[in-house]
Amino acid sequence: MKRKMHLGLFLHGTGSHIAGWRPTGAIASNQDFEALKAIVLEAERAKFDMVFVGDSLSSDPYAHPSYAARLEPLTLLAALAASGTKFIGLAATASTTYCAPYTIARAFASLDHISGGRAAWNAVTTTDAAAAANYGVEHPNHAQRYQIAGEFIDIVKGLWDCWEDDAIVADRQTGTYIDPEKVRPLGHEGQYFKVKGPLNIGRSPQGRPIVIQAGGSEAGRALAARVADVVFSVVQDFGEAQKDYAALKSLVEASGRPRDAVTVMPGVMPVVAKSDKEALEKLNMLQSFVDNKNGIHILSDRLGIDLTDYNLDGPIPEAGSTDTSHAFARAILSKARRENMSLRDVYNLVAASRGHWVLCGSPETIATTLIDWFENGAADGFNVMPAYFIDQLTEFADQVVPILQEKGVFRKEYTGRTLRDHFGLERAKRNNALPLGTQI
């Protein structure tokens, strides 16, 4: 079977561009459920693999609008699962630093049952130190966050595997509802967690929900190679994307898994118009709306240094703390050095798409570029980030997707009902081995 491109939709109600809520007619809320539902149904009409809802655990009025004010992701996705969607996968971010493994395992198993097998968990370590104040704890350093994450994910997968598929008997003749021989405790005691189990929900339709990882540091890539089904990557350059793709696939093989066990999906903000010239004009219009305070805030966050008092027409300062978003800082600074960019150039880049790749052009230009990356070892698909909703998503769906379909690289119809079906993955087999750690 010919390899197919995968498409995810990054759901920012106010658009992925920081000023995506400002064009006339654009959706201006990330809390309007009916608007968000319309977006997701549009993505399902275009046969996207999944919709992805990111999250943050603190709020800042200068942050991206969809992060400053947002609905809780799992609540939103559960409502979307029951509100007319039938095929599209439902993915959400949940933190391994500020959540409990049992709670996360239970929540995503529930979403998988409610949606009929369409749930995915984006396991993040949370770079935002401001979140700690909302939980009354000290923010762990980068290395510790990934140590916690590795144990956390092992526990969640173990909890999902506590039940055999046929553990719920519901035999009216004998009166047996659950076969106790087919449900086992987890009994995990490790460095950071002690979890007895079992989970109080039967095995989910996918066996285990899809696990997504997006860490760009060495520790993040190592974790992704070991546990992820999907990796969201940050890219700015085709050549570097090829190198990162090959390196990750090698890590996947080194961890004892086949290369195609992990789907790599770079984030891309397509700006679609009838011609390349009109697309650039559309992007320039969006850029004219950018508020300096918001732009500087996001750039400071991505580079790990407070740029408030820096001259935008001056040189790019040295990167700050390495305890922030490694993937974004690396991709942005690499592009800046490669293209001899000024601080203002970098500011404009990050203000546009928070540091993700911006692909501006006609439907033919965008489709051809995506196919080139897909067919030449830079991506297995893309996490599409429309600059604003709903028009930019509709233009992508109606003008770019048909070209991808005509070229035979993207599906014309869904061929399965679960998210694992969309990614060409078998239903997860139950792992009888307990997670690492002392068993209790």
Side-chain angles (χ1 to χ4, degrees), residues 3-12 16-17 43 46 48-54 89 91 93 120 122-124 210-217 220-221 223-225 228-252 259-272 302 325-336 338-339 349-350 352-361 365-387 392-393 396 400-401 404 409-410 422-423:
R3 176 169 165 261
K4 298 292 184 183
M5 182 185 294
H6 300 284
L7 294 178
L9 175 71
F10 203 149
L11 181 59
H12 283 131
S16 282
H17 192 283
F48 275 53
D49 293 69
M50 63 181 175
V51 58
F52 166 63
V53 181
T93 288
N122 179 38
V124 303
I210 290 286
V211 174
I212 303 170
Q213 224 284 318
S217 66
R221 290 193 295 267
L223 179 63
D229 301 300
V230 176
V231 168
F232 289 155
S233 61
V234 179
V235 299
Q236 289 291 345
D237 174 76
F238 176 66
E240 290 195 356
Q242 283 181 312
K243 292 177 183 177
D244 288 347
Y245 179 92
L248 179 59
K249 294 289 186 173
S250 294
L251 284 174
V252 171
R259 290 172 66 88
D260 60 1
V262 176
T263 298
V264 179
M265 301 177 68
V268 56
M269 190 183 87
V271 181
V272 189
R302 291 310 195 206
S325 301
H326 288 230
F328 283 102
R330 186 177 68 249
I332 292 165
L333 291 174
S334 177
K335 181 180 179 67
R338 187 171 58 251
E339 299 183 11
L349 173 70
V350 174
S353 62
R354 300 180 301 113
H356 284 287
W357 175 32
V358 178
L359 178 55
C360 187
T365 294
I366 289 174
T368 299
T369 304
L370 296 182
I371 292 170
D372 185 34
W373 282 52
F374 173 69
E375 292 185 338
N376 291 286
D380 295 313
F382 302 91
N383 204 19
V384 179
M385 308 168 62
Q392 275 290 286
L393 173 59
F396 187 91
V400 178
V401 168
L404 301 177
V409 299
F410 188 66
H422 303 344
F423 281 110

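- Between K249 and D380 there is a salt bridge, with a side-chain nitrogen of the basic residue lying less than 4.0 Å from a carboxylate oxygen of the acidic one.
- Summarising the geometry of A387 relative to Q392, their closest heavy-atom pair is N-CB, 4.4 Å, with the distance given to 0.1 Å.
- Atoms OG and CZ, from S250 and R221 in turn, are 12.0 Å apart once rounded to the nearest 0.5 Å.
- Rounding to the nearest 0.5 Å gives a distance of 5.5 Å between CZ of F410 and CG of D49.
- Not a single side-chain hydrogen bond (donor to acceptor under 3.5 Å, both in side chains) links D229 to another residue, sequence neighbours left out.
- D244 places none of its side-chain heavy atoms less than 4.5 Å from the side chain of V235.
- The side chain to side chain contact (heavy atoms under 4.5 Å, CB included) check on L359 picks up V268, W357, I366, T369, L370, with sequence neighbours excluded.
- No side-chain heavy atom of V231 sits under 4.5 Å from any side-chain heavy atom of Y245.
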Between R3 and D260, does the side-chain contact (heavy atoms from CB on, under 4.5 Å) criterion hold? Intermediate values first, please.
CA-CA 10 Å; R3 176 169 165 261; D260 60 1; over 6 Å; no
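- Interatomic distance, F48 CZ to F382 CZ, rounded to the nearest 0.5 Å: 12.0 Å.
- Here the closest non-hydrogen pair linking A46 and V401 is O-CG1, 3.9 Å.
- In plain terms, the two heavy atoms of V262 and A228 that are nearest each other are CG2-O, 3.3 Å.
- Listed here is the closest heavy atom pair of G381 and P266: O-CD, 3.0 Å.
- The ring pair (Phe, Tyr, Trp, His ring centres under 6.0 Å) check on F423 picks up H6, with sequence neighbours excluded.
- Taking CE of M265 as the reference point, atom CE of M5 lies at 10.0 Å (rounded to 0.5 Å).
- Q213 is linked by a side-chain hydrogen bond (donor to acceptor under 3.5 Å, both in side chains) to nothing, counting only residues two or more places apart in sequence or in another chain.
- M269 CE to H12 NE2: the interatomic distance, rounded to the nearest 0.5 Å, is 12.0 Å.
- With sequence neighbours left out, the side chain to side chain contact (heavy atoms under 4.5 Å, CB included) criterion links N383 to F10, F52, F232.
- Looking at heavy atoms from C-beta onward, I210 lies out of side-chain contact with H422 at the 4.5 angstrom threshold.
- Residue S233 comes nearest to V264 through the heavy atom pair OG-CG1, 3.9 Å, listed as atom of the first residue, atom of the second, then distance.
- Using a 4.5 Å heavy-atom cutoff, the side chains of L9 and P386 are in contact.
- In this structure, the side chain to side chain contact (heavy atoms under 4.5 Å, CB included) partners of A367, at least two apart in sequence or on a different chain, are V400, I403, L404.
- Smallest separation of non-hydrogen atoms from G54 and T93: CA-OG1, 3.6 Å.
- Rounding to the nearest 0.5 Å gives a distance of 5.5 Å between CG of N122 and CD1 of I212.
- Residues meeting the side-chain hydrogen bond (donor to acceptor under 3.5 Å, both in side chains) test with T263, sequence neighbours left out: none.
- Residues satisfying the side chain to side chain contact (heavy atoms under 4.5 Å, CB included) criterion with N376, sequence neighbours excluded, are F238, Q242, D372.
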